[in-house]
Structure formats: C-alpha cells, structure tokens
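A quick write-up on the structure given underneath.
Throughout, a chain's letter reflects where its sequence line sits, starting with A, and its residues are numbered from 1.
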Protein chains: 2
Amino acid sequence: MLAALADPTRRKVIELLREGPRPAGELAQAVQMSAPALSRHLRVLRAGGLVEATAGGDDARLRLYTLRREPFTALQAWLDQVQAFWAEQLGSFKDHVERGG
Amino acid sequence: MLAALADPTRRKVIELLREGPRPAGELAQAVQMSAPALSRHLRVLRAGGLVEATAGGDDARLRLYTLRREPFTALQAWLDQVQAFWAEQLGSFKDHVERGG
DNA sequence: CTCTTGCTTAACGATAGTGACAATTATTGC
DNA sequence: GCAATAATTGTCACTATCGTTAAGCAAGAG
C-alpha cells in the first residue's frame, strides 16, 4: 500500500481524485502519460486498495475511479503510533494507570 | 521519502527505533539481515530524512540511529489534506466563514 | 454486423532496487 | 604499529518496476 504511494505519478492521481471521481482517460491526460502506462499505475493503486473502479453511469465504457477511505485511515493509525515516540518524550506523565500507579 | 517507507524491513527498523536510538548492528540482528544489507536500508532512510545517525557516546565505532520528526509531520499534513476529501462529504457545513457566510 | 471509443493486458527493452561476499574506513585496546 | 570490532561502500547477479507499442475486450453509433 505504501509502495503504491511511493510514486509521484500515483500521488498526483490521488490528489486529482481528491476533487471527485474521474475516468481513467481524464487522469491519463492530466498526468501527461499514455493510457497503458496510467492503467498500470491504476492497477497498483487498486491492488493497494487506495482506489476503486466503478462501472460508471452514462457510458459504461468509462471506468470511474474513486478514493477509498480505509487505507488512509490505516496509515493514519500507523503514523500516530510512530509519532507517539515524540509524545512520550514531551511528557512522561502518560496515563499508564494500568498498573494503578 | 515515501519510497523509504515502502519497504517492510525499513518500516520494521522505524518501529524498532520507536523504542529509542539503537546502533546499526543491533538493528541488523533484529531484522535478521547482514550488516551491509541493513546499512543500505539505513542509507535510504537517511536520504529520506527519516532517521539520523549520531556519533554516539562511549564507543565512537557505534553509529546510533534516531528517528527524525519532520518527515512524519509532513506525511501527517499530506494525509490530512487527502482525508479532507471525506470530511467534506460528511458535512458541507465546514467553517468556511472566511467569506462571512 | 461493422466501426469507433475507452480501457486493460501482453511483450519488450531500459532502469533501478535488493542482498551476498569482499574490501575499505574509523575506532578501540594492547 | 598490529589485531579486532563496527559500519560503510564496491561489485556482482537477480528481480521488480516503468513506459512504449501492439493486441484484446467490452460498450455505444450507424
């Protein structure tokens, strides 16, 4: 999943999708890349669970891509866990009342 | 920087460093990997600004590795920006009182 | 049915990351 | 100075990734 985010093109796609669902072709044009190349990137994003392709409405030839929430939530959780490193440094008076002390 | 996080071994290192600074050798042993191999991973982590090597105290042969805060803060900021996607979906009544309305 | 559109998959060459072994640098102790 | 330890860098083979061209597949238009 982080491997999917490790590519600038794919991050650009994610930022474009932030403004709403878009078809694959529009994304390819936006990132100045051939359709097959972007299709591969979208495949990686799908594999990482970051985006989802819907069948679309008007024209079933269009594949609408949308951001999925879960992986970002998971990343947030991991990040919070890592950042606890500094939280503990700022104040040792964490509520480790588990032991009653 | 995200490329540095995209590797399981390197994430493991980060999680180990969460518990405090450690010398390179100890990390290599913890991830069951040869010293040169881990040294390369540490190089990537340094290049991504995720960790920092200190000269150490007692034995100057030891290179103590520590987590750096900034990249995680930056990632947090980017993540918040992406997650605003859903925040807007949940309620359009965001405090966009900037315009007075 | 045929043609075009939108997208994905296959095959190919180029590029970069990964780990093992060997060699190098820096530090400690005698 | 010499040996031992801690870590990095060089070189090799292996694998994965990236973008391009060509082909395949589903959905609309005539």
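- Distance, B:L38 CG to D:dT8 C1': 12 Å, rounded to whole Å.
- Rounded to an integer number of Å, the gap from CG of A:L42 to C1' of D:dG19 is 14 Å.
- The CZ-P distance, from A:R43 to C:dG6, rounds to 22 Å in whole Å.
- Residue B:R40 places none of its side-chain N or O atoms closer than 4.0 Å to OP1 or OP2 of D:dT8.
- You'll find that the side chain of A:L62 is closest to C:dC7, out of D:dT20, C:dT18, C:dC7.
- Atom CZ of B:R43 is surrounded by 12 or fewer heavy atoms from other residues, nucleotides or ligands within 6.0 Å.
- For the side-chain contact (heavy atoms from CB on, under 4.5 Å) with B:R10, the lone residue among B:V44, B:L5, B:V51, B:L50 that qualifies is B:V44.
- In this structure, A:G49 and A:P71 approach most closely via the heavy-atom pair O-CG, 3.3 Å.
- Atom-to-atom, CG of B:D7 to C1' of C:dA16 comes out at 14 Å; the value is rounded to the nearest Å.
- Applying the 4.0 Å criterion to OP1 and OP2 of D:dT20, one finds that A:S34 has a side-chain N or O inside that range.
- Not one N or O on the side chain of A:S39 forms a donor-acceptor pair closer than 3.5 Å with the backbone of A:A35.
- In this structure, A:Y65 atom OH and C:dC7 atom P are separated by 9 Å, rounded to whole Å.
- Between the side chains of A:Q83 and A:W78, not a single donor N or O lies within less than 3.5 Å of an accepting N or O.
- Distances shorter than 4.0 Å separate some side-chain N or O of A:R63 from OP1 or OP2 on C:dT8.
- Whole-Å rounding puts the B:R46 CZ to D:dT8 C1' distance at 8 Å.
- Taking 4.5 Å as the limit, some side-chain heavy atom of B:Q76 sits within range of a side-chain heavy atom of A:D80.
- B:A53 and B:R63 get closest at one heavy-atom pair: CB-NH2, 3.3 Å.
- Here the side chain of B:P36 is nearest to one of D:dA22, D:dG19, C:dA22, namely C:dA22.
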Pull out every protein N or O sitting under 3.5 Å from an N or O of nucleotides 28-30 of chain D, one pair per line with the distance.
unit_1: D:dG28; atom_1: OP1; unit_2: A:A60; atom_2: N; d: 3.3

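- A:R18 places a side-chain N or O within donor-acceptor distance of the main-chain N or O of B:Q81, the cut-off being under 3.5 Å.
- Straight-line distance from the NE2 atom of A:H41 to the C1' atom of D:dG19: 8 Å, rounded to whole Å.
- B:L62 and B:P23 make their closest contact through CD2-CB, 4.3 Å (heavy atoms, listed as atom of the first residue, atom of the second, distance).
- Residues from residues 9-29 of chain A lying near DNA chain D, meaning a heavy-atom separation below 4.0 Å, are A:R10 in numerical order.
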